[in-house]
S.K.: 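After the structure tokens below, expect a handful of questions from me.
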Amino acid sequence: MENINSVVKTVEHRLLCAILNDQDKIEDAILKLAPQDFSDKHLAVIFGTIINLQKEAKKINVHNIIGYIDAHKELQFDDYDVYVKSLFNDFVPSTDVEDNIDFIKNSSIDRQMKGFASDLMETKLDPIEYSSKIDKLSRQFQNIVSSKHVGKVANMQEITKNYKESLNTLLSNSNNVAGTSSGFRQIDTKIGGFRDGDLVVLAARPGIGKTTLALNFLMNAAKEINQRKKQDSSNNEVVLMFSIEMGANEICNRLIAMESKVDLSTYKMNKLSDMEISLVNDAIDTISELPILIDDDSSLTIMDLQAKVKQVSLKHKIKLVVIDYLQFIKSPTTSSHSSRYLEISDFTRRLKTGVARGLNVPVVLLCQLNRNIEQRKGENPKPQLSDLRDSGSIEQDADVVSFLSRMSNVGDDAQENNQPKEKQFSFNDELMEYDIAKNRKGPTGSVPLRFIKNWSIFTEAQPISGGTNEKKSFN
């Protein structure tokens, strides 16, 4: 152990000598390392001083380093001025800066992991504080893991090249959407599909059908993946659903009803005809082949959710994550004094930065509306952003905020959308409104949808005209 520590300190000393004598390498070190990554406390002080001088746009030389430590008594140690001067004099030209940086970083992570293992062994879990202690350990571990990853600063040439590639990908996409298609052309036209890195909120009052609409999104995306698999059998794309409220069997029931177009509500199950049973069996075979993953853990915490998405992403390309729903995500703490507003704010921030953007996947987050909508005057009042329940951060963190509600004055709206009145309620169906109230990357506005409850199906209430099929590209 003593020999290992000695080697690490030697490499740390060699690195600081190298970057102080070849200051073009200082940025590389600062980008990947922090003062706490150094096991030698004196070198940690000097590296922290280099970072602060860099922030102040001052030259990194003997005079300025010693002067900075002179001005900060908490940084001073015996003969620090002599120590700093030695770093400028002990330069070895053959030093491989990149290798040394990686070695120091890996050594730092190794020390942190050993510390984490020690904390883990010493932690006593009791029934009262079990969740909070597990969450603290999870955060500690996540911090260690995330410290290894460093974002790359890109120049405009790289950015525009990637942008052009994404445009060409969009043009070659038969659906002409930038992300995973929702299966509804009017919705895709407004939001560009569910894009990687985006957090899309779908909010409604209870019983309106937001879970069913989300399942339609999920089914449409899964079927599109299967079409691509016919062209490329190595395709490893999947869609993932976290159903906190509803069990996997109920989700399966709805998907089968959707595929078979057979009413599978409980009161109908013993009255199915031979033809309906055949349709259900065919639907089961079809559904079983779809790349859909479902997690129905009713005690899911935000840390659990992050870890599970990360785990799936290591084996698959995730094309869509659906979470049903925000207010059912459990708090990792059991304190009665914790603010639900702050908890929800933390959840949405983590879902945006840690899941959607962090893993570059599209996330559709279902959310409850508060009761304000029921207290406003007028029949079927339209939902507003202020109706989002529990936290204003939902609106702030989301890239798209959409509402699902019943469309008022169904007869009039049916005529406006070229839908005959007599077909509006032909099979226990309703005309619904999918309202995009916020959209960072495109227009807002409403899309009429037809909701056929018995089959758990949403369809477009008004067709949208198609464009040219001519293929173009950006050169």
S.K.: Check for a donor-acceptor pair, side chain of N439 on one end and backbone N or O of K190 on the other, with a separation under 3.5 Å.
M.R.: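 Yes, N439 side chain to K190 backbone: donor-acceptor pair under 3.5 Å.
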S.K.: For a quick test of your reading: what N or O donor-acceptor pairs under 3.5 Å do the side chains of residues 290-299 make, sequence neighbours left out?
M.R.:
residue	atom	partner	partner atom	Å
D295	OD1	D297	N	3.0
D295	OD2	K308	NZ	2.7
D296	OD2	A248	N	3.0
D297	OD1	S299	N	2.9
D297	OD1	S299	OG	2.9

S.K.: Determine the interplanar angle of the Y434 and F217 rings, folded into 0 to 90°, and report it as parallel if under 30°, tilted if 30 to 60°, perpendicular if over 60°.
M.R.: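 Answer is perpendicular, since the angle exceeds 60°.
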S.K.: If we only count heavy atoms from C-beta on, is the F103 to V8 side-chain gap below 4.5 Å?
M.R.: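 The answer is yes, as the side chains (C-beta and beyond) meet within the 4.5 Å cut-off.
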S.K.: Just by distance, do the side chain of Q327 and the backbone of Q368 share a donor-acceptor pair under 3.5 Å?
M.R.: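 Such a contact is found between Q327 side chain and Q368 backbone.
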S.K.: May I ask you to decide if D102's main-chain N or O and N106's side chain share a donor-acceptor pair within less than 3.5 Å?
M.R.: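 Yes: the side chain of N106 pairs with the backbone of D102.
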S.K.: I'd like to know whether CG of D232 has more than 12 heavy-atom contacts from other residues, nucleotides or ligands below 6.0 angstrom.
M.R.: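 Enclosed.
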S.K.: Please check if the number of heavy atoms outside K25 that lie under 6.0 Å from its NZ is greater than 12.
M.R.: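 Open: at most 12 neighbouring heavy atoms sit under 6.0 Å from NZ of K25.
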S.K.: Ignoring hydrogens, what is the shortest heavy-atom contact between F347 and L326? Give both atom names and the distance.
M.R.: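 Looking at all heavy atoms of both residues, the shortest contact is CB-CD1, 4.0 Å.
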S.K.: Between E276 and S273 (side chain of the first, backbone of the second, donor and acceptor by atom type, cut-off under 3.5 Å), is there such a pair?
M.R.: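 Yes; at least one donor-acceptor contact below 3.5 Å.
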S.K.: Looking at K438 and A398, would you say the former's side chain and the latter's main chain have a donor-acceptor pair under 3.5 Å?
M.R.: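 A pair under 3.5 Å: yes.
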S.K.: Taking the side chain as everything from C-beta on, heavy atoms only, tell me whether Q186 gets closer than 4.5 Å to P448.
M.R.: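 Q186 vs P448: side chains touch.
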S.K.: Shortest non-hydrogen contact from N370 to L388?
M.R.: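 Here N370 and L388 meet closest at ND2-O, 3.8 Å.
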S.K.: Looking at R228, is its backbone amide N or carbonyl O close enough to the side chain of N235 to form a donor-acceptor pair, meaning the two atoms are under 3.5 Å apart?
M.R.: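 Not a single qualifying donor-acceptor pair exists.
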S.K.: Less than 4.5 Å apart, any side-chain heavy atom of R406 and any of R205?
M.R.: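 The answer is no; the side chains never approach within 4.5 Å.
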S.K.: Starting from the C-alpha separation in whole Å, work towards a yes-or-no answer on salt bridge (Lys or Arg N to Asp or Glu O under 4.0 Å) for D399 and R440.
M.R.: CA-CA 5 Å; D399 298 280; R440 280 201 177 115; 3.1 Å; yes
S.K.: Taking all non-hydrogen atoms of both residues into account, name the closest pair between N220 and G183 and its distance.
M.R.: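 Closest heavy-atom pair between N220 and G183: ND2-CA, 3.4 Å.
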S.K.: Check the surroundings of atom CZ in R357: do more than 12 heavy atoms from other residues, nucleotides or ligands lie under 6.0 Å from it?
M.R.: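 Counting other residues, nucleotides and ligands, CZ of R357 stays at 12 neighbours or fewer.
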S.K.: Using a strict 4.0 Å threshold on nitrogen-to-oxygen distance, state whether D324 and K210 make a salt bridge.
M.R.: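 The answer is no: the pair does not qualify as a salt bridge.
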S.K.: Is a side-chain N or O of N236 found less than 3.5 angstrom from the main chain of K315, in a donor-acceptor match?
M.R.: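 Side chain of N236 to backbone of K315, a donor-acceptor pair under 3.5 Å: yes, one is there.
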S.K.: Please report the shortest heavy-atom distance between I318 and V309, naming the atom on each side.
M.R.: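 Closest pair (atom of I318, atom of V309, distance): CD1-O, 3.7 Å.
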S.K.: Is the backbone of V361 close enough, under 3.5 Å, to the side chain of D196 for a donor and an acceptor to pair up by distance?
M.R.: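 No; judged by distance alone, with no hydrogens or angles, the pair does not exist.
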S.K.: Hey, is the main chain of R185 close enough, under 3.5 Å, to the side chain of E460 for a donor-acceptor pair?
M.R.: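 Confirmed, E460 side chain pairs with R185 backbone.
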S.K.: Can a salt bridge be assigned to the pair E433 and K382 using a cut-off of 4.0 Å between side-chain N and carboxylate O?
M.R.: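 Yes, charged N to carboxylate O under 4.0 Å.
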S.K.: Is the backbone N or O of I344 less than 3.5 Å from a side-chain atom of T348, with the two atoms forming a donor-acceptor pair by type?
M.R.: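 Answer holds: yes.
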